[in-house]
S.K.: 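My questions will all concern the structure given below.
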Amino acid sequence: MLPKTVTDKLMPNEFTLAQLSDSHLFADKSGTHHQANVYQNLKRVLLSIKQQPSIDAIVFTGDLTQDHTEASYQLFANAFDDLEINIPVYFVAGNHDEPALLKQYLSKAPFCQSSVIENDYWQVLLLESKSETPAGVITAEECNKASSIINPAKSQLLLTHHHATDAGFFIDRHGLLNKEEFYLWLTKFPSIKALGCGHIHQALILPITLVGRTINLYTCPATSIQFDINSATVTSNGQGPGYQVFTLASTGEISRKVIFV
């Protein structure tokens, strides 16, 4: 049986999904990450999403916490409550997160714990990439689970935390470790149209070359800080918080818009 699907608010010919990522919250609302108040940045992004009635669902792609406190998870949930977000919200774990705490604190509406969002034309699959290190791994078990869900008559967008191809700066030290195995799996499913990820704190389009085709990886800007890609270590480039919006058409076409607030 497939997981629960989103059926309310769907438009007849397209589905609109907002992806946000990498909030890096602290227990305290005043906590700062490289001089940015990350809680206020998160709320600015959520307010922008709320003001767009066309958005049907939200996916958070990990790194909720920076200080690894339970209070930071509660603060994340509180931000959605404070702004009265009632759009369904899905999530995957980042390398900073504890999956058990995500499930514990993100257990009530608007949060959903399914790994698939589906309508008549599209499936959005959330793949866990958290490993024992800051780098990522998409396990064979995770791929097998996705294989059992994928409907070749529909199009798929896959969302993960870690980036599945190099971005060209320091974050590549903590990218997906088993890229080649993952690419072989992707090749089996020509209905997969694109990937999206968090983790790199930048809005990029990175092509992934598979056997017979190329698909794009759309990376999501962070709600916390954007990384300076010219630095050898974590440094903010001074840009504000952002997120990305996917429009998934019934024709199988996908478009993406990046929004900074």
Side-chain angles (χ1 to χ4, degrees), residues 1-21 52-62 87-92 110-129 136-165 176 178-198 205-220 244-257:
M1 177 180 291
L2 291 178
K4 289 178 66 177
T5 61
V6 173
T7 55
D8 58 336
K9 289 187 65 184
L10 288 182
M11 298 178 67
N13 295 313
E14 63 183 29
F15 179 79
T16 304
L17 175 78
Q19 180 193 355
L20 67 158
S21 199
Q52 298 182 64
S54 64
I55 291 176
D56 299 300
I58 298 170
V59 174
F60 176 72
T61 48
I87 306 165
V89 182
Y90 299 76
F91 56 90
V92 294
F111 298 104
C112 306
Q113 299 198 358
S114 174
S115 61
V116 62
I117 310 166
E118 186 168 20
N119 69 3
D120 289 341
Y121 309 102
W122 278 87
Q123 295 175 307
V124 180
L125 276 66
L126 282 59
L127 302 184
E128 294 285 355
S129 60
V137 173
I138 298 177
T139 65
E141 180 182 4
E142 191 72 2
C143 289
N144 290 339
K145 183 174 73 172
S147 296
S148 71
I149 295 171
I150 288 175
N151 180 347
K154 299 184 180 184
S155 299
Q156 288 83 36
L157 168 66
L158 308 186
L159 298 177
T160 65
H161 178 69
H162 291 85
H163 54 305
T165 191
L176 192 70
N178 61 331
K179 295 181 182 67
E180 294 305 321
E181 293 90 341
F182 184 54
Y183 295 172
L184 286 174
W185 178 79
L186 289 173
T187 302
K188 299 176 184 178
F189 298 98
S191 57
I192 295 174
K193 297 300 178 69
L195 308 179
C197 74
I205 302 176
L206 303 173
I208 297 177
T209 302
L210 305 175
V211 176
R213 65 191 176 110
T214 298
I215 61 175
N216 285 331
L217 169 63
Y218 297 97
T219 74
C220 188
Q244 62 186 2
V245 176
F246 294 104
T247 300
L248 311 178
S250 60
T251 58
E253 296 176 342
I254 182 170
S255 61
R256 172 258 207 161
K257 177 172 63 175

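Along the sequence shown, residues carry numbers from 1.
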S.K.: Which distance, rounded to the nearest 0.5 Å, do you find between the CG of L126 and the CG of L158?
M.R.: 9.5 Å
S.K.: Can you tell me how far apart CD (E118) and CZ (F15) are? Round to the nearest 0.5 Å.
M.R.: 10.5 Å
S.K.: With sequence neighbours excluded, tell me which residues meet salt bridge (Lys or Arg N to Asp or Glu O under 4.0 Å) with K257.
M.R.: none
S.K.: Could you tell me whether the side chain of K154 and the main chain of N119 form a donor-acceptor pair under 3.5 Å?
M.R.: yes
S.K.: Of the non-hydrogen atoms in D56 and P88, which two are nearest, and what is the gap between them?
M.R.: O-CD, 3.5 Å
S.K.: Between S191 and I150, what is the shortest heavy-atom contact and its length?
M.R.: OG-CG2, 4.1 Å
S.K.: Would you say the side chain of L159 lies within less than 4.5 Å of the side chain of V92, judging by non-hydrogen atoms?
M.R.: no
S.K.: For R213 and F189, which heavy atoms make the closest approach, and how far apart are they?
M.R.: NH2-O, 2.8 Å
S.K.: From the options I117, L17, V89, select the one residue that forms a side-chain contact (heavy atoms from CB on, under 4.5 Å) with I58.
M.R.: V89
S.K.: Can you name the closest pair of heavy atoms from Y218 and Q244 and give their distance?
M.R.: O-NE2, 3.2 Å
S.K.: To the closest 0.5 Å, what do you measure between SG (C143) and CD (E181)?
M.R.: 9.5 Å
S.K.: Ignoring hydrogens, what is the shortest heavy-atom contact between S155 and G252? Give both atom names and the distance.
M.R.: OG-CA, 3.6 Å
S.K.: Is there side-chain contact between S250 and D120, with at least one heavy-atom pair below 4.5 Å?
M.R.: no
S.K.: Taking the inter-plane angle between the rings of F182 and W185 on a 0 to 90° scale, is it parallel (under 30°), tilted (30 to 60°) or perpendicular (over 60°)?
M.R.: parallel
S.K.: Considering only heavy atoms from C-beta outward, does the side chain of T219 approach that of L217 to under 4.5 Å?
M.R.: yes
S.K.: Would you call Y90 and S114 a side-chain contact if the rule is heavy atoms closer than 4.5 Å?
M.R.: yes
S.K.: Contact between L186 and L195 at the side-chain level, heavy atoms closer than 4.5 Å - yes or no?
M.R.: yes
S.K.: Which heavy-atom pair separates Q123 from I149 by the least distance, and what is that distance?
M.R.: NE2-O, 3.0 Å
S.K.: Side chains of R256 and I205: does their closest heavy-atom pair fall under 4.5 Å?
M.R.: yes
S.K.: Is the backbone of T247 close enough, under 3.5 Å, to the side chain of E14 for a donor and an acceptor to pair up by distance?
M.R.: no
S.K.: Do side-chain atoms of S129 reach the backbone of H162 as a donor and acceptor pair under 3.5 angstrom?
M.R.: yes
S.K.: When you measure from the side chain of Q156 to the backbone N and O of N151, does any donor-acceptor pair fall under 3.5 Å?
M.R.: yes
S.K.: Using modelled atom types and a 3.5 Å cut-off, is there a donor and acceptor pairing between side-chain atoms of Y183 and backbone atoms of A164?
M.R.: yes
S.K.: Look up atom OG1 in T160 and atom CG in L125, then write down how far apart they are to the nearest 0.5 Å.
M.R.: 11.5 Å
S.K.: Main chain of I138, side chain of N178: is a donor-acceptor contact present, judged purely on distance under 3.5 Å?
M.R.: yes
S.K.: Would you call T165 and T209 a side-chain contact if the rule is heavy atoms closer than 4.5 Å?
M.R.: no
S.K.: Could you give me the CA-CA distance, side-chain angles and deciding distance for L157 and W122, then say whether side-chain contact (heavy atoms from CB on, under 4.5 Å) is met?
M.R.: CA-CA 8 Å; L157 168 66; W122 278 87; 4.1 Å; yes
S.K.: Taking atom NE2 of H161 and atom CZ of F91, what is their separation to the nearest 0.5 Å?
M.R.: 15.0 Å
S.K.: Check whether any side-chain N or O of Q19 sits under 3.5 Å from a backbone N or O of G196 as a donor-acceptor pair, and report yes or no.
M.R.: no
S.K.: For the NE2 atom of H163 and the CD1 atom of I208, what is their distance to the nearest 0.5 Å?
M.R.: 10.5 Å
